[in-house]
**Student:** 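Below is one structure. I have some questions about it.
Values in this document were obtained by computation on a predicted structure and should not be read as measured data. Here is how names work: the chains are called A, B, and so on, in the same order as the sequence lines, proteins then strands, and each is numbered from 1.
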2 protein chains.
Amino acid sequence: MNDAAHGIGLAVSTVIFALRPHPVTGLSALWIPLVRRTRNPFEGSWALPGGWVSEQESLADAAARNLLETTSVEPSYLEQLYCFGEVNRSPDRRVVSIVYWALVRPEQAVRSVDGENVRWFLADELPELAFDHNLIVDYALWRLRTKVEYSRIAHALLGPTFTLTELREVHEAVLQRPLDPANFRRQVEKDLVPTDAVVTGGRHRPPRLYRYDESISLVDNGPLTHSGAATHNGLVPSKARSFA
Amino acid sequence: MNDAAHGIGLAVSTVIFALRPHPVTGLSALWIPLVRRTRNPFEGSWALPGGWVSEQESLADAAARNLLETTSVEPSYLEQLYCFGEVNRSPDRRVVSIVYWALVRPEQAVRSVDGENVRWFLADELPELAFDHNLIVDYALWRLRTKVEYSRIAHALLGPTFTLTELREVHEAVLQRPLDPANFRRQVEKDLVPTDAVVTGGRHRPPRLYRYDESISLVDNGPLTHSGAATHNGLVPSKARSFA
């Protein structure tokens with residue numbers, strides 16, 4: 001056994017995205033939950049939820065546990081983002097962080113409320129975070145926006161059924177630009193299955209509800225097909241923590 | 001300080017690709033150098049080159065050092081592939097491996113010769129490797145093939161100038177299918193700069209040499225622009241090793 005790695009801490013952190021209304025415009029926007037650090041380094045700063053990797057837990061399980069502990073919710077999508085390991089990213093001790101990113105559905109996101117040391121922030125209006133966590137969030141946002149363009153990932157931010165307008169608004173919230181409704185419909189239609197249901201509420205022509213064709217996967221991860229799917233049952237939310 | 005991570009080893013491994021002629025067809029094919037393990041677990045098996053992460057070395061530097069130690073060459077492209085951390089991937093002790101993938105140019109690849117414990121293999125005809133290294137190579141091949149379709153990555157497997165036929169043969173070797181020469185030319189032309197040189201050798205219409213427009217980057221990694229560029233100077237090749 002080589003002891004060279006023994007001084008290096010190994011942590012998992014998670015960038016969690018959910019859609020909630022923007023407080024000013026009322027439009028759907030991306031939000032991220034952060035935890036306030038209660039000790040040094042960076043005591044008092046906001047940071048991504050995270051923790052040390054424990055010996056008998058896979059990396060994805062550790063990420064899902066972080067998520068559950070911070071927000072009390074289970075993700076509809078969880079994927080490894082990147083491993084951050086610069087020598088001086090934590091001031092006290094070298095910490096290598098394997099970072100995951102997760103998407104949470106609205107019906108799950110409402111279960112997570114702000115507390116003293118957990119708060120949801122608009123993803124594009126974050127304060128200065130601890131460690132290199134601003135860079136990490138920037139990269140997660142870039143990955144999400146890139147992936148929305150070529151995969152069905154937006155699905156994971158929606159409930160099981162939705163209107164075409166709701167689906168377009170998710171894409172607009174992620175990409176931060178308006179999309180032409182007719183072009184959008186043509187692009188997504190092949191992946192959608194119309195349901196028999198419509199939105200109720202007395203409108204003259206109530207919009208139809210759709211669901212995704214679940215025989216097609218959200219994202220193609222090639223030989224790592226199973227790596228995005230974390231098992232995260234039986235975990236009980238506890239104290240929120242953050243790590244480098 | 002939390003000691004939970006102290007039993008977990010932290011390693012870096014690298015999947016290195018270069019183009020060399022296929023021994024039967026003579027066409028360009030992808031090759032990978034592997035190292036033979038000289039101790040347990042998996043003593044005698046072939047494995048990816050790798051080593052423990054040392055305290056004062058970034059992850060990309062450790063990957064570049066692996067590469068130099070194994071093949072005596074410097075990569076033209078180096079990118080983090082994925083972090084593999086399943087609990088039981090190494091039989092003796094938990095090892096989390098941050099894996100990089102690298103592309104090497106032909107003029108560099110000829111500097112690397114097979115030795116007793118280092119040998120180049122056809123990427124699609126590997127033996128059963130140690131640990132989960134077959135899965136890792138499969139994923140690296142999938143990433144390379146996906147990336148060749150939408151980025152200029154093939155460049156990193158070629159010399160500074162090349163003919164259109166040579167460039168198409170690189171794409172064909174990576175994608176393992178023939179490409180229509182006229183369509184291919186239309187797709188890549190916008191990224192190419194014709195040089196004044198032609199291939200010499202007395203042919204009636206000698207083919208023109210091109211180079212890539214270097215103002216465009218090989219791959220768009222968003223906010224992690226610098227993460228693909230390893231600094232790997234001043235390292236001296238030594239004993240090849242492999243880790244989980």
Side-chain angles (χ1 to χ4, degrees), chain A residues 1-12 51-63 79-89 92-100 132 134-146 150 220-227 241 243, chain B residues 1-12 51-63 79-89 92-100 132 134-146 150 220-227 241 243:
Chain A
M1 187 187 296
N2 182 319
D3 286 348
H6 273 196
I8 304 178
L10 187 61
V12 164
W52 301 113
V53 178
S54 63
E55 284 241 28
Q56 291 305 317
E57 187 179 42
S58 78
L59 304 175
D61 285 348
E79 184 190 330
Q80 195 183 102
L81 178 69
Y82 199 76
C83 180
F84 291 81
E86 289 305 306
V87 175
N88 297 314
R89 56 187 293 276
D92 292 348
R93 175 198 180 191
R94 181 147 182 210
V95 179
V96 169
S97 285
I98 299 134
V99 179
Y100 281 73
D132 51 2
N134 287 98
L135 172 68
I136 294 177
V137 173
D138 285 348
Y139 186 55
L141 275 166
W142 181 83
R143 179 82 68 93
L144 169 62
R145 285 174 176 146
T146 305
Y150 69 83
D220 180 9
N221 282 323
L224 297 188
T225 317
H226 301 295
S227 68
R241 287 171 300 174
F243 282 73
Chain B
M1 187 188 295
N2 181 318
D3 285 348
H6 273 196
I8 305 177
L10 187 61
V12 163
W52 302 114
V53 178
S54 62
E55 284 242 28
Q56 292 305 318
E57 187 179 43
S58 77
L59 304 175
D61 285 348
E79 183 190 331
Q80 195 182 101
L81 178 69
Y82 198 76
C83 179
F84 291 81
E86 289 305 306
V87 174
N88 298 312
R89 56 187 293 277
D92 292 347
R93 174 197 180 191
R94 182 148 182 209
V95 179
V96 168
S97 285
I98 299 134
V99 179
Y100 281 74
D132 51 2
N134 286 98
L135 171 68
I136 293 177
V137 173
D138 285 348
Y139 186 55
L141 276 166
W142 180 83
R143 178 81 68 92
L144 169 61
R145 285 173 176 146
T146 304
Y150 69 82
D220 180 10
N221 282 324
L224 298 186
T225 317
H226 301 295
S227 69
R241 287 170 300 174
F243 283 73

**Student:** If you measure from CD1 on A:Ile8 to CD1 on B:Ile8, what distance do you get to the nearest 0.5 Å?
**Tutor:** 12.5 Å
**Student:** If I measure from the heavy atoms of chain A, does B:Asn88 come under 4.5 Å with its side chain, its backbone, both, or neither?
**Tutor:**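 Looking at B:Asn88, nothing touches chain A.
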**Student:** For the atom pair CD (A:Glu79) and OH (B:Tyr82), what is the distance rounded to the nearest 0.5 Å?
**Tutor:** 7.0 Å
**Student:** Can you confirm whether A:Ile98 sits close enough to B:Ile98 that some side-chain heavy atom of one is under 4.5 Å from a side-chain heavy atom of the other?
**Tutor:** no
**Student:** Is it the backbone or the side chain of B:Leu59 that comes under 4.5 Å from a heavy atom of chain A, or both, or neither?
**Tutor:**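 For B:Leu59, heavy atoms of backbone and side chain both lie under 4.5 Å from chain A.
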**Student:** Between A:Trp142 and B:Asp220, which heavy-atom pair has the shortest distance, and what is it?
**Tutor:**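 So the two residues come closest at CH2-O, 3.1 Å.
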**Student:** Rounded to the nearest 0.5 Å, what's the gap from CZ on A:Arg89 to OG on B:Ser58? Could you check?
**Tutor:** 12.5 Å
**Student:** How far apart are the closest heavy atoms of A:Arg94 and B:Gln56, and which atoms are they?
**Tutor:**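 So the two residues come closest at NH1-N, 4.1 Å.
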**Student:** Once you round to the nearest 0.5 Å, how far does SG of A:Cys83 lie from CZ of B:Phe84?
**Tutor:**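 Between A:Cys83 SG and B:Phe84 CZ, I get 12.0 Å after rounding to 0.5 Å.
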